Amino acid sequence: MDFAIEKMEKLPADFYYQPVLKTAKRLLGKYFVRRYNGKYLVGKIVETEAYHQDNDSSCHAHRGKTKRNEVMFGPPGHLYVYFTYGMHYCSNVVCEEENRAAAVLLRAVEPVAGVEMMQHLRGPKFGLKQLAAGPARFCQAFGIGKAENGADLFGEEIFIAAGRDEPSEEIVTTTRIGISSAVELPWRFYLKGNEFVSKPNRG
DNA sequence: ACTGCGATGTCCT
DNA sequence: GGACATCGCAGTT
């Protein structure tokens, strides 16, 4: 079944200017869209985490601007993509005003369209639930790498489309995954009961 | 089911 | 030289 890409409405720039915690929650239920080799890859965002330069020692920008994290200090509505563990990429949506580093890590999406291409990008052994459950898996399934660092979300190649505004009772709030400082901050959000979340039982 | 660990580039001290 | 916003595999219970 086909997804009506042409009917999807891009989120406007002011969506990303909002406080990062609010935006991390609001991004749940929205659609990440990426055109890859002429095909549309679409995923419903089901899991996010917020990072902020202030009072968050796990944020890459906590100690100020560097070559690596400079995109986080740029205007909102852009992708901050970083490389880690020698093999993985992770992707964030830059939020809040320019010169303030705040971003939402996209941790998992539910595949909606372009599933065959995602399976090709991820490899043959992975089922639907493992295609994009995890920040590096998501990047691999959507062909996101260093070339996409700094890309804006207002063109035709990569954008986020409006979807459901998830009610608060459908959103689970927990601590973040895979960090070793500021572990107590409840800045991870996911859709309750969703099968495509990376690790539903934490927190 | 759970646990441990290797891979391996880039940034930061 | 150490750490890292991870993942997948192998071994064990």
Side-chain angles (χ1 to χ4, degrees), chain A residues 16 19-25 27-28 32 43 45-74 76 78-96 100-111 118-151 153 160 171-191 195-203:
Chain A
Y16 304 103
V20 68
L21 288 173
K22 176 178 176 181
T23 305
K25 285 180 269 193
L27 278 170
L28 298 173
F32 188 94
I45 299 169
V46 300
E47 179 182 352
T48 62
E49 284 177 1
Y51 288 85
H52 196 284
Q53 66 177 79
D54 297 331
N55 305 313
D56 176 11
S57 53
S58 70
C59 178
H60 288 171
H62 184 238
R63 294 190 173 135
K65 191 197 267 190
T66 65
K67 180 89 173 173
R68 178 209 208 185
N69 66 28
E70 64 184 355
V71 171
M72 283 183 90
F73 289 85
H78 291 239
L79 281 188
Y80 165 48
V81 180
Y82 68 90
F83 184 71
T84 193
Y85 292 105
M87 55 176 68
H88 297 303
Y89 291 97
C90 295
S91 187
N92 302 252
V93 175
V94 177
C95 296
E96 302 192 11
R100 174 180 310 202
V104 176
L105 174 67
L106 300 176
R107 284 198 55 92
V109 307
E110 176 176 334
M118 293 181 201
Q119 282 170 330
H120 172 73
L121 287 166
R122 286 274 291 134
K125 325 177 233 206
F126 300 105
L128 199 58
K129 288 182 201 169
Q130 298 166 331
L131 284 184
R137 292 166 169 177
F138 162 69
C139 282
Q140 191 179 7
F142 279 70
I144 294 171
K146 64 181 174 186
E148 285 68 39
N149 186 34
L153 297 171
I160 300 177
I171 298 174
V172 180
T173 301
T174 73
T175 52
R176 295 174 294 181
I177 289 179
I179 54 173
S180 52
S181 66
V183 294
E184 74 287 355
L185 294 177
W187 287 7
R188 172 173 177 248
F189 309 98
Y190 65 87
L191 292 180
E195 302 260 279
F196 298 89
V197 167
S198 66
K199 287 171 184 168
N201 296 326
R202 296 258 192 128

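Predicted model, so just to flag it, every value in this text is computed and none were measured. Lettering of chains follows the sequences in order, A, B, ..., and the numbering in each one begins at 1.
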side-chain N/O [X] vs [N] OP1/OP2, d < 4.0 Å:
{"X": "T84(A)", "N": "dT10(B)", "answer": "no"}
{"X": "H60(A)", "N": "dA5(C)", "answer": "yes"}
{"X": "R137(A)", "N": "dG8(C)", "answer": "yes"}
{"X": "R188(A)", "N": "dA5(C)", "answer": "no"}
{"X": "T66(A)", "N": "dC12(B)", "answer": "yes"}

Handout entry: Pair H60(A), Y80(A): side-chain N/O donor-acceptor within cut-off below 3.5 Å
Key =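 Result is yes, a qualifying pair exists.
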Practice task
State, without any angle test, whether H52(A) and E96(A) hold a side-chain donor-acceptor pair at a distance under 3.5 Å.
Solution key: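 Yes, because at least one side-chain N or O of H52(A) sits under 3.5 Å from a partner of the opposite role on E96(A).
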Starting at [atom1] of [X] and ending at [atom2] of [N], how long is that distance when rounded to a whole Å?
{"X": "H62(A)", "N": "dC11(B)", "atom1": "NE2", "atom2": "P", "value": "21 Å"}
{"X": "Y85(A)", "N": "dG2(C)", "atom1": "OH", "atom2": "P", "value": "16 Å"}
{"X": "N69(A)", "N": "dA5(C)", "atom1": "CG", "atom2": "P", "value": "12 Å"}
{"X": "Q130(A)", "N": "dG8(C)", "atom1": "CD", "atom2": "P", "value": "7 Å"}

Problem - Separation of the C1' atoms in dA5(C) and dT3(B), to the nearest angstrom - result: 22 Å
Handout entry: Nearest-nucleotide 5' precedence on DNA chain C, G86(A) against Q140(A)
Key = G86(A)
Completion exercise
Walking DNA chain C from its 5' end, the first of S181(A) and A136(A) to be reached, judged by nearest nucleotide, is S181(A)
Handout entry: Upstream residue (5' side of DNA chain B) when K146(A) and M87(A) are each assigned their closest nucleotide
Key =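 Nearest-nucleotide comparison on DNA chain B picks M87(A).
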Problem - Ion pair R107(A)/E49(A), N-O distance below 4.0 Å - result: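 E49(A) and R107(A): salt-bridged.
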Let's see if you can work this out: which of [options] has an atom nearest to the side-chain heavy atoms of [X]?
{"X": "K125(A)", "options": "dC7(C), dC4(C), dC9(C)", "result": "dC9(C)"}
{"X": "F126(A)", "options": "dG8(C), dC7(C), dT10(B)", "result": "dG8(C)"}
{"X": "F83(A)", "options": "dC9(C), dG9(B), dA5(C)", "result": "dG9(B)"}
{"X": "C59(A)", "options": "dT13(B), dC4(C), dA5(C)", "result": "dA5(C)"}
{"X": "R122(A)", "options": "dA5(C), dC12(B), dG8(C)", "result": "dG8(C)"}

Exercise for the section: Flag this pair as yes if the NZ/CZ of R176(A) is under 6.0 angstrom from the six-membered ring centre of F189(A) and inside a 45 degree cone about the axis; otherwise no. Expected result: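 The answer is no, since R176(A) fails at least one limit relative to F189(A).
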Practice task
Scan K67(A) against the nucleic acid and name what it touches under 4.0 Å (heavy atoms): base, sugar-phosphate only, or nothing.
Solution key: nothing
Practice task
Have a look at L105(A) and say if it touches a base, only the backbone sugar-phosphate, or nothing, with a 4.0 Å heavy-atom cut-off.
Solution key: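 Base: the residue L105(A), judged by heavy atoms under 4.0 Å, touches a nucleobase.
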Practice task
Identify the nucleotide, in any strand shown, that forms a Watson-Crick or G-U wobble pair with dG4(B), with both distances under 3.5 Å; if there is none, say none.
Solution key: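 Its partner is dC9(C) (Watson-Crick or G-U wobble, both distances under 3.5 Å).
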Practice task
Measure across R188(A) and V197(A) and return the closest heavy-atom pair with its distance rounded to 0.1 Å.
Solution key: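 Closest heavy-atom pair between R188(A) and V197(A): NH2-CG1, 3.6 Å.
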